[in-house]
**Student:** 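Encoded as C-alpha cells, here's the structure I'll be asking about.
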Amino acid sequence: MIVLRGGNINPQLAAVMDPSLFTFVYTEVTSWTPLQKSTSLLPFTLGSVLNRILWCLVPLLALAACLKYLRRETLVLEGADKPARAKAAKKAATRKVKDFSSSKPDTASVGRSLRQLMLEARWRLFHVWSSRAWWVGVAVLVIMGVVSSFTQIIWHAEGPMAPRLEMLLPLLKDVIFLVIAFVIAALTGLVCRRDQVPGFDDILSATPAPDYTRLFGVALTVFAMTVLLALLPGLSGIIAVLLTAPASVDIVQAFTYQLLIVTAPLLELSMMVLLVHALFRHAGFAYSMSMFVTFILVLNHELELVHYPPYEVGITAHIQLSALSGWEPWIDYLLALDGFKVALALLMIGLAALLIPRGLDSRMSQGFALICSRLMAPQGALVACSALFLLGLGSVLGDRLVVQGGYQSPEQLKQEDALWESYWLPKASGFEVSGGELNININPDNQTVEGEWLLHKVHVEGQGLQFELPHGFVLVKALVGGREVTPDQRYDHMSLPVSGCSEQSCNIKLLWQMTAPGWSAEGEPSGLTASGVWLQASDIVPRIGVDPERILRVSAEREALGLNPEFSLPASQLATTLEGAAPSGDWRWQIQIQRDDKNVFSEQGSTHGPLDFSIQWAPNTKLAVFDGFDISHDSDRSNMVSAIAKDVGQMQACVSQRLGTDIEIKRIAQWPRGLGETRASGNLLQLSEGPHWDIADEGTGRWLRRVDIARALSRQHLLESSDLRRIAGSAWLSDGVSGAIGLLCVAEIDGIEVLDDVLVRYSDKTTRDLAGSEVPVERLSTAPISGWTRYYAPVAALDWTLLQSPESLSALLDDIKQQKNIENVLSAYVGETRTQNMLGAPLSSALTVEYLESGQIRLDGQRWRWEKGGWQPVAQTASYRLLADINELDSEVINGKTLIERLPSEKVLALDIWPSYQRDPAQNLLAESSEVSNIN
C-alpha cells in the first residue's frame with residue numbers, strides 16, 4: 001500500500017488494499033482545495049466500494065461459511081490426531097525436552113551468574129526461532145521488501161528507476177518499518193508472557209533467585225529479535241539489487257544503514273512495550289496498552305507531531321544518504337542519536353526491573369519497600385547509568401543540533417521571522433553597487449571558511465546597508481570608506497552603518513569566518529566535508545538586501561505575533577537578488593581550498609551579472625569526458641554518463657535557439673542528494689543526484705530530467721539578463737518562463753505525446769501543491785519562490801512562451817532590468833487584463849472530448865479561477881491551440897465548445913491559450929480515434 005501510494009503507481013489500487021480506508025481518504029483529500037475540505041463529503045468511488053466489499057462483505061461471508069459447518073461438539077471436545085501425526089508430535093516433543101532441558105534456567109543457582117542469564121535468553125530465543133510462524137513472517141517481510149523494490153524501480157510514475165541502494169533503502173524503511181513496529185510489539189508480549197502459567201509464576205516468585213534474571217533474559221531476547229527484524233529491509237534491498245544490477249550491490253552499506261537508522265528506534269519501541277508488560281499483570285490489558293502505545297508512536301511518525309530528534313521516540317533519524325559523500329556527514333550524528341535512543345531503551349529496562357511486581361502481595365507498602373531494595377541492586381545501577389548516558393548524550397545533541405546546527409521548532413522559526421520583519425523591514429534601504437572582488441579560503445579538514453569581500457562604489461539611500469547572513473557567519477571586521485564600523489546584527493541579519501554613502505559612493509570591505517553548521521534535524525547534509533565540497537555562493541557569502549521569503553504569509557499567524565494581518569513585499573531596490581549574493585555588477589572572485597597548508601583546488605571567475613557561483617571539489621569522484629563535457633560522478637554511475645551528456649547537449653542546443661544566445665556549459669557535476677535542485681552556475685551544471693542520477697535511460701523519468709536541465713539552463717540566462725531580484729512577479733519569470741522553455745524543448749525533441757505525458761505529472765503535482773500549500777494561495781505575483789508555483793507557473797506560461805521570439809524575450813528582459821517591475825513591463829507588452837491573468841490567482845481548465853460515430857470530435861472546455869480557497873467557475877468559453885508540431889506558431893485556435901470535422905494531423909495537442917493549467921492533460925491529446933487518444 002505504501003509503495004503504490006508513495007510511488008504514485010496506482011492510488012486506487014492502494015485504496016482498495018487498505019482495510020482502514022485511510023489511503024482512499026488521503027488520496028481524495030490531498031487534492032481538495034481548502035474550500036472543499038470545509039464543505040465537501042467523501043464521494044463514493046469504485047475504489048471505496050471495492051474496499052468495503054473486500055474488507056467487510058468477504059470476511060462476513062467467510063464467517064458465515066464457517067458457522068454453517070461449525071458444531072458445538074467441536075468446541076468442547078478435543079479432536080484426536082491421526083496416529084501418524086500424533087506419533088510424530090510425540091517424538092518431536094520428546095526430542096525438544098531431551099535436547100534443550102539444560103537450557104532452562106536453573107533456579108537453584110541463578111544468583112549473580114551471567115551464565116544463567118544467557119541460558120534464560122537462549123531458552124526464550126529457542127521458543128521464538130523454533131516457531132514456524134517466525135520464519136514464515138520473516139520470509140513474508142523479505143518478499144514484501146523485494147516486491148516493493150521492484151515496483152518502485154519499474155512502475156514508479158516518474159521512473160523507471162535504476163536500482164541504487166541509497167534510493168531503495170529509505171523506501172524499504174518506509175514500507176516495512178511500521179509493519180515491523182507492530183510485529184515487535186506483539187512478539188515482545190509473547191516473549192514476556194511465555195512462562196506466565198497459573199501457578200508457575202508463583203513458584204518462581206517464591207524462589208530465592210533474583211527477580212531481574214527473567215526480565216533481563218526477556219530484554220536480551222527482545223533485543224536479538226529487534227536487531228534481526230531491523231536487518232530484513234537491508235536484506236530485501238540486497239536481493240533486489242542482486243537480481244537487477246549485481247555490480248551495484250554493497251552488503252556493508254545495506255546492513256550499516258539498517259543498524260544506524262532503523263535499529264535504535266525499534267529498540268526504543270520494544271523496550272517501551274516491555275515496560276508496559278512489566279507494569280501490568282493482566283495480559284489482556286497489557287497487550288491492548290502496548291498496541292495503543294505503538295499506535296501513538298506510529299501516529300507521531302506519520303503526522304510529525306514532534307520535530308526535535310531526541311524526543312522522536314520510535315522514529316528513525318532524518319538523513320539523505322548520497323553516494324558521493326557517503327556516511328561522513330552523518331556518522332557522528334547517528335552514533336550520538338543512536339546512543340541516546342539505546343540509553344533510553346536501557347532506562348526503560350531498568351524501570352521495568354524496578355517496578356515489576358513479585359508475589360501475590362499487592363499492598364502499596366510492600367511494593368514501595370521492594371522498589372527501595374532494588375535501587376541498591378543491579379536494577380538501580382542500570383537506571384542510574386542509563387540516566388547519566390541520557391543526560392550526557394542529550395547535552396551533546398543539544399549543542400550540535402541547537403547551538404551549532406541552528407535547530408528551531410516551527411513556532412520558534414515563525415517567531416524569529418516575525419521579529420526580523422518588525423525590526424529590519426522598516427530600516428531597509430535601497431542600494432546600488434558597481435561590483436567588487438571576493439576571495440574565499442576553504443579548509444575541508446577543519447570545515448571552516450574565511451572570506452574577504454571588497455565592494456566598489458556602494459550607494460545607499462538610508463543609513464544602513466542590509467545583509468542576509470548564512471548560518472554560522474562570524475564577522476571579523478567591517479570597513480566603510482577605510483573606517484572600521486560596528487554593525488547591528490540579529491536574527492541572521494546584519495546592517496552596516498554607512499553614513500556618507502548616500503551622498504557619494506563609498507567602498508566597503510568585509511572580513512568574516514564561518515564554520516560548517518552542526519547537525520541538521522531536518523536531514524539536510526552539509527556541503528562542506530573532509531571528503532568533498534559542494535557549495536553555492538549564498539551558502540558562504542552574505543546576501544545584500546532583505547529577503548522577502550522570510551515574510552510570514554498567514555494572516556492569523558501574523559496577527560498572533562503582533563504584525564499587520566496583511567503583508568506586503570518590499571520594493572525592488574531593497575530586495576536580495578534571486579540567485580547569488582549581490583545584484584549585477586563587475587564581479588571577480590577567487591576560490592582556494594587548502595589541506596595541510598597546501599592548495600588542492602583553486603578557481604577564479606568573473607561576471608557582469610549577479611554574483612553567483614558554485615564550488616565543486618570531490619577528489620574521490622570519477623571524471624569522464626563525453627561529447628565535450630567534463631562529467632564528475634561517483635563510481636557506480638559510469639553507465640549513465642552517455643545518456644546525461646546527450647540530454648544536456650540536446651537541451652543546451654534547444655535553449656540556445658529559443659533564447660537567441662549561446663548557453664555555455666562545460667562541466668556537469670553530480671550534486672549530492674539533499675543539497676539543492678538542478679541549477680546552472682557559470683559553465684557548471686549541478687545535476688541533483690536525486691532523482692536525476694537514479695532514473696533509467698528511458699521513460700517519464702528521463703523526460704522530466706530533460707525538462708529540468710533545460711529549465712536550469714534557461715533560468716540562469718533569464719536571471720542574469722534581467723538582474724532579477726526577489727520582487728513581485730519574480731516567480732513568473734524564474735519558475736514560469738524557464739519551466740515553459742524546458743517543456744517546449746522536450747516537446748520539440750521528443751514530440752507532443754511526451755509533452756502531454758509530462759504535463760500529466762505537472763498537473764497532478766500542481767493540484768496537490770495548491771491543496772497542500774502551507775501559505776494561503778493568492779496571487780502568483782506574491783507567491784513564494786518554488787512553492788506552489790514550482791509546477792503551476794511553467795504550465796500557465798506555456799502558451800505565452802510558445803509565441804515569443806528570441807528578440808521579444810530579450811527586449812522583455814531588458815525592460816525588466818531597467819524598470820525593476822515585472823507587472824508594469826508585462827502590462828505594456830500584453831495589456832492589463834492578460835497581465836492580471838498571468839500574475840493573478842491560479843487558473844485552471846479542463847477539456848472533455850467525445851468521439852462521435854460520424855468521425856467528428858466534440859469538445860467541451862471549462863475554466864475556473866481560484867477564489868477564497870477554492871475553484872470558482874468562469875463564465876468564459878475556452879479557446880484551444882491545436883499543436884501538431886511545437887514549432888508551428890501559426891497553429892489553429894478553436895473555440896472550446898465546438899465540433900471538429902477533421903484534425904489537422906493524426907495527433908494534436910489542444911493547449912488552452914488562457915494562462916492556466918490543465919486538470920486532466922491526458923484528454924488534451926486528440927487523435928483520429930478514441931483508442932489512439934487514450935494511450936496516456
**Student:** Any carboxylate oxygen within less than 4.0 angstrom of a Lys/Arg side-chain nitrogen, looking at D750 and R706?
**Tutor:**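 Salt bridge flag = yes for R706 with D750.
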**Student:** Please determine whether side-chain contact (heavy atoms from CB on, under 4.5 Å) holds for the pair K907 and L926, giving the CA-CA distance in whole Å, both sets of side-chain angles, and the decisive distance to 0.1 Å.
**Tutor:** CA-CA 6 Å; K907 298 176 187 177; L926 309 180; over 6 Å; no
**Student:** side-chain contact (heavy atoms from CB on, under 4.5 Å) for D769 and S773? Distances and angles first, verdict last.
**Tutor:** CA-CA 6 Å; D769 288 347; S773 176; over 6 Å; no
**Student:** Using a strict threshold of under 4.0 Å (side-chain N to carboxylate O), is an ion pair present between D799 and R881?
**Tutor:**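 Yes, this pair counts.
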**Student:** Between E579 and R715, is there a side-chain N and carboxylate O pair less than 4.0 Å apart?
**Tutor:**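 So E579 pairs with R715 through a salt bridge.
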**Student:** Please name the pair of heavy atoms, one in S738 and one in L718, separated by the smallest distance, quoted to 0.1 Å.
**Tutor:**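 Taking S738 first and L718 second, the nearest heavy atoms are N-CD1, 3.8 Å.
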**Student:** Would you name the heavy atoms of D694 and R673 that are closest together and state the gap between them?
**Tutor:**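 Minimum heavy-atom contact is OD2-NH1, 2.7 Å.
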**Student:** Would you check, one step at a time, whether the test side-chain contact (heavy atoms from CB on, under 4.5 Å) holds for L743 with R711?
**Tutor:** CA-CA 8 Å; L743 294 172; R711 181 179 191 152; over 6 Å; no
**Student:** Look at R679 together with D708 and state whether they make a salt bridge at an N to O cut-off of under 4.0 Å.
**Tutor:**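 Salt bridge: no.
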**Student:** Tell me whether the rings of W693 and H633 are parallel (<30°), tilted (30 to 60°) or perpendicular (>60°).
**Tutor:**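 Aromatic pair W693/H633 classed parallel.
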**Student:** Decide whether R779 and Q836 meet the rule of one side-chain donor and one side-chain acceptor closer than 3.5 Å.
**Tutor:**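 The answer is yes; a qualifying pair exists.
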**Student:** What I want to find out is whether D697 reaches R702 closely enough, with some N-O distance under 4.0 Å, to be called a salt bridge.
**Tutor:**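 Salt bridge flag = no for R702 with D697.
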**Student:** Check whether the side chains of S916 and S844 place a donor and an acceptor atom closer than 3.5 Å, and report yes or no.
**Tutor:**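 The answer is no; no qualifying pair exists.
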**Student:** Will you find, in the side chains of T767 and Y917, an N or O donor that is under 3.5 Å from an N or O acceptor?
**Tutor:**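 Yes, Y917 and T767 have a side-chain donor paired with an acceptor closer than 3.5 Å.
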**Student:** Evaluate the side-chain proximity of Y792 to L843: yes if any heavy-atom separation is below 4.5 Å, no if none is.
**Tutor:**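 Answer yes - side chains close enough.
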**Student:** Do you see a donor-acceptor pair shorter than 3.5 Å between the side chains of E689 and Q670?
**Tutor:**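 Side chains of E689 and Q670: pair found under 3.5 Å.
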**Student:** Looking only at the side chains, is there a donor atom on one of N924 and Y880 sitting less than 3.5 Å from an acceptor on the other?
**Tutor:**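 Distance-only check fails for N924 and Y880.
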**Student:** Checking side-chain hydrogen bond (donor to acceptor under 3.5 Å, both in side chains) for the pair R725/S572: CA distance, chi angles, key distance, verdict?
**Tutor:** CA-CA 7 Å; R725 299 192 188 184; S572 59; over 6 Å; no
**Student:** Are any of the side-chain heavy atoms of L168 and L171 separated by less than 4.5 Å?
**Tutor:**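 Answer yes - side chains close enough.
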**Student:** Run the numbers on D756 and R761 for salt bridge (Lys or Arg N to Asp or Glu O under 4.0 Å), then give the verdict.
**Tutor:** CA-CA 9 Å; D756 188 66; R761 300 300 314 141; over 6 Å; no
**Student:** Do T700 and D757 have side-chain N/O donor and acceptor atoms under 3.5 Å apart?
**Tutor:**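 Per modelled atom types, T700 and D757 side chains form a pair under 3.5 Å.
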**Student:** Will you find, in the side chains of S805 and S808, an N or O donor that is under 3.5 Å from an N or O acceptor?
**Tutor:**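 Yes, side-chain donor-acceptor contact under 3.5 Å.
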**Student:** Between R790 and D735, is there a salt bridge with N-O shorter than 4.0 Å?
**Tutor:**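 A salt bridge is absent here (no side-chain N lies under 4.0 Å from a carboxylate O).
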**Student:** Can you list the steps and then say if S845 with D912 is a side-chain hydrogen bond (donor to acceptor under 3.5 Å, both in side chains)?
**Tutor:** CA-CA 8 Å; S845 61; D912 193 347; 3.0 Å; yes
**Student:** What's the verdict on ring-ring contact (aromatic ring centres under 6.0 Å, His included) for W800 and W732, showing C-alpha distance, side-chain angles and the deciding distance?
**Tutor:** CA-CA 12 Å; W800 179 87; W732 172 81; 5.2 Å; yes
**Student:** Taking the side chain from S781 and the backbone from A728, do they hold a donor-acceptor pair closer than 3.5 Å?
**Tutor:**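 Absent.
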**Student:** For the residue pair Q320 and E166, confirm or rule out a side-chain donor-acceptor distance under 3.5 Å.
**Tutor:**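 The criterion, which ignores hydrogens and geometry beyond distance, is not satisfied for E166 and Q320.
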**Student:** When you look at I816 and L733, which way does the side-chain contact (heavy atoms from CB on, under 4.5 Å) test go after all the steps?
**Tutor:** CA-CA 10 Å; I816 293 176; L733 186 62; 4.2 Å; yes
**Student:** Between S730 and I785, what is the shortest heavy-atom contact and its length?
**Tutor:**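 For S730 versus I785, the nearest heavy atoms are OG-CD1, 3.4 Å.
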**Student:** Please determine if D764 and R768 form a salt bridge, counting it only when a charged side-chain N lies under 4.0 Å from a carboxylate O.
**Tutor:**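 Salt bridge: yes.
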